[in-house]
Amino acid sequence: QEQLVESGGGSVQAGGSLNLSCVASGYTSRSFTLGWFRQAPGKAREGVAAIYSGGSPTYYADSVKGRFTIAQDNAKNTVTLQMDSLKSEDTAMYYCAAGTIPPGVAAAWALAPAQYTAWGQGTQVTVSS
């Protein structure tokens, strides 16, 4: 059974850092994309970053470029999201998701929640100013 489990959320002050992890289990196919999404209260879920199972390409939302880094450890079936220079507007529930998205698609496609079929339970990130 395919499963995604996130960890690493918490509370930090603006300018601080957090590292989120997502362990993917039960995936027999090696051709899938893992993504990080977030949803703040009253707002739609939005794509933050995504990575193809081979480690590239990677995709980032404009709002996090230069601050967030997505990486994958295939040996551990883990995808991480290093978040630096955090801002209060980064406060949200963060979700890991998996989808059969081929490499080389446009970023808007790779970061669209509708393209993903499996979701984790989420981990809360709170940034205080």
Side-chain angles (χ1 to χ4, degrees):
Q1 181 178 357
E2 298 173 345
Q3 189 176 19
L4 301 167
V5 179
E6 305 100 331
S7 62
S11 298
V12 294
Q13 290 191 330
S17 299
L18 282 173
N19 187 276
L20 305 183
S21 292
C22 173
V23 178
S25 59
Y27 286 85
T28 57
S29 171
R30 304 307 298 175
S31 300
F32 56 90
T33 296
L34 291 171
W36 284 98
F37 296 79
R38 65 187 182 187
Q39 188 167 19
K43 295 188 177 181
R45 188 168 298 188
E46 62 174 354
V48 174
I51 185 168
Y52 184 64
S53 57
S56 66
T58 56
Y59 309 88
Y60 294 94
D62 289 343
S63 59
V64 305
K65 281 182 181 177
R67 300 189 299 122
F68 291 11
T69 304
I70 190 170
Q72 186 170 6
D73 184 337
N74 285 329
K76 298 180 180 179
N77 291 330
T78 300
V79 61
T80 59
L81 184 69
Q82 176 65 38
M83 305 186 295
D84 298 318
S85 301
L86 283 162
K87 304 175 181 179
S88 57
E89 51 263 44
D90 294 319
T91 295
M93 184 70 79
Y94 282 70
Y95 298 89
C96 177
T100 53
I101 302 167
V105 300
W109 185 269
L111 295 175
Q115 302 304 321
Y116 291 76
T117 55
W119 293 83
Q121 80 288 353
T123 185
Q124 178 67 38
V125 171
T126 302
V127 184
S128 57
S129 57

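For the numbers below, each heavy atom of this structure counts, side chains included, while hydrogens, waters and symmetry mates do not. Numbering starts at 1 and runs along the sequence shown.
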When rounded to the nearest 0.5 Å, the distance separating CG of N19 from OG1 of T80 is 5.5 Å
Applied to residues 87-99, the side-chain hydrogen bond (donor to acceptor under 3.5 Å, both in side chains) test, sequence neighbours excluded, yields R38-D90, R38-Y94, R67-D90
*asked:* Quick check: is V79 connected to F32 through a chain of hydrophobic side chains (ILVMFWY, heavy atoms under 4.5 Å apart)?
replied: yes
Residues P103 and P57: closest non-hydrogen pair is CB-CD, 3.6 Å
| Hey, is CH2 on W109 packed in by over 12 heavy atoms from elsewhere, all under 6.0 Å? | no
Is V125 linked to V48 within one hydrophobic cluster, defined over Ile, Leu, Val, Met, Phe, Trp and Tyr using a side-chain heavy-atom separation of less than 4.5 Å? yes
Residues 36-69 vs disulfide bond (SG atoms under 2.5 Å apart), sequence neighbours excluded, gives none
Grouping ILVMFWY residues whenever side-chain heavy atoms fall under 4.5 Å, the cluster of V23 otherwise contains none
With sequence neighbours left out, the residues meeting side-chain hydrogen bond (donor to acceptor under 3.5 Å, both in side chains) with Y116 are none
Value for CD (Q72) from OG1 (T78), rounded to nearest 0.5 Å, stands at 9.0 Å
Residues passing the side chain to side chain contact (heavy atoms under 4.5 Å, CB included) test with A112, sequence neighbours excluded, are Q115
By side chain to side chain contact (heavy atoms under 4.5 Å, CB included), P102 pairs with (sequence neighbours left out) V105
Distance col, row I70:CD1 vs S56:OG, nearest 0.5 angstrom, shows 12.0 Å
Transitively linked via ILVMFWY side-chain contacts under 4.5 Å: I51 with I101? no
Between the OG atom in S129 and the CG atom in L86, the distance rounded to the nearest 0.5 Å is 12.5 Å
Residue pairs passing the disulfide bond (SG atoms under 2.5 Å apart) test with at least one member in residues 39-68, sequence neighbours excluded, are none
* **Aromatic centroids of W36 and F68 separated by under 6.0 Å** => no
* Close side-chain approach of T100 to T117, heavy-atom, < 4.5 Å -> no
T69 meets the side chain to side chain contact (heavy atoms under 4.5 Å, CB included) criterion, sequence neighbours left out, with Y60, Q82
Could you go through residues 5-18 and list every donor-acceptor pair under 3.5 Å that involves a side-chain atom there, pairing it with any protein atom two or more places apart or in another chain?
{"unit_1": "E6", "atom_1": "OE1", "unit_2": "Q121", "atom_2": "N", "d": "3.0"}
{"unit_1": "E6", "atom_1": "OE1", "unit_2": "Q121", "atom_2": "NE2", "d": "3.3"}
{"unit_1": "E6", "atom_1": "OE1", "unit_2": "G122", "atom_2": "N", "d": "2.9"}
{"unit_1": "E6", "atom_1": "OE2", "unit_2": "C96", "atom_2": "N", "d": "2.8"}
{"unit_1": "E6", "atom_1": "OE2", "unit_2": "G122", "atom_2": "N", "d": "3.2"}
{"unit_1": "S17", "atom_1": "OG", "unit_2": "D84", "atom_2": "OD1", "d": "2.7"}

request  = Check the hydrophobic clustering (I, L, V, M, F, W, Y; side-chain heavy atoms under 4.5 Å; chains of links allowed) and say if Y59 and L4 are grouped together.
outcome  = no
For A40, the side chain to side chain contact (heavy atoms under 4.5 Å, CB included) test, sequence neighbours excluded, returns K43, A92
Residues 48-62 vs salt bridge (charged side-chain N to carboxylate O under 4.0 Å, His left out), sequence neighbours excluded, gives D62-K65
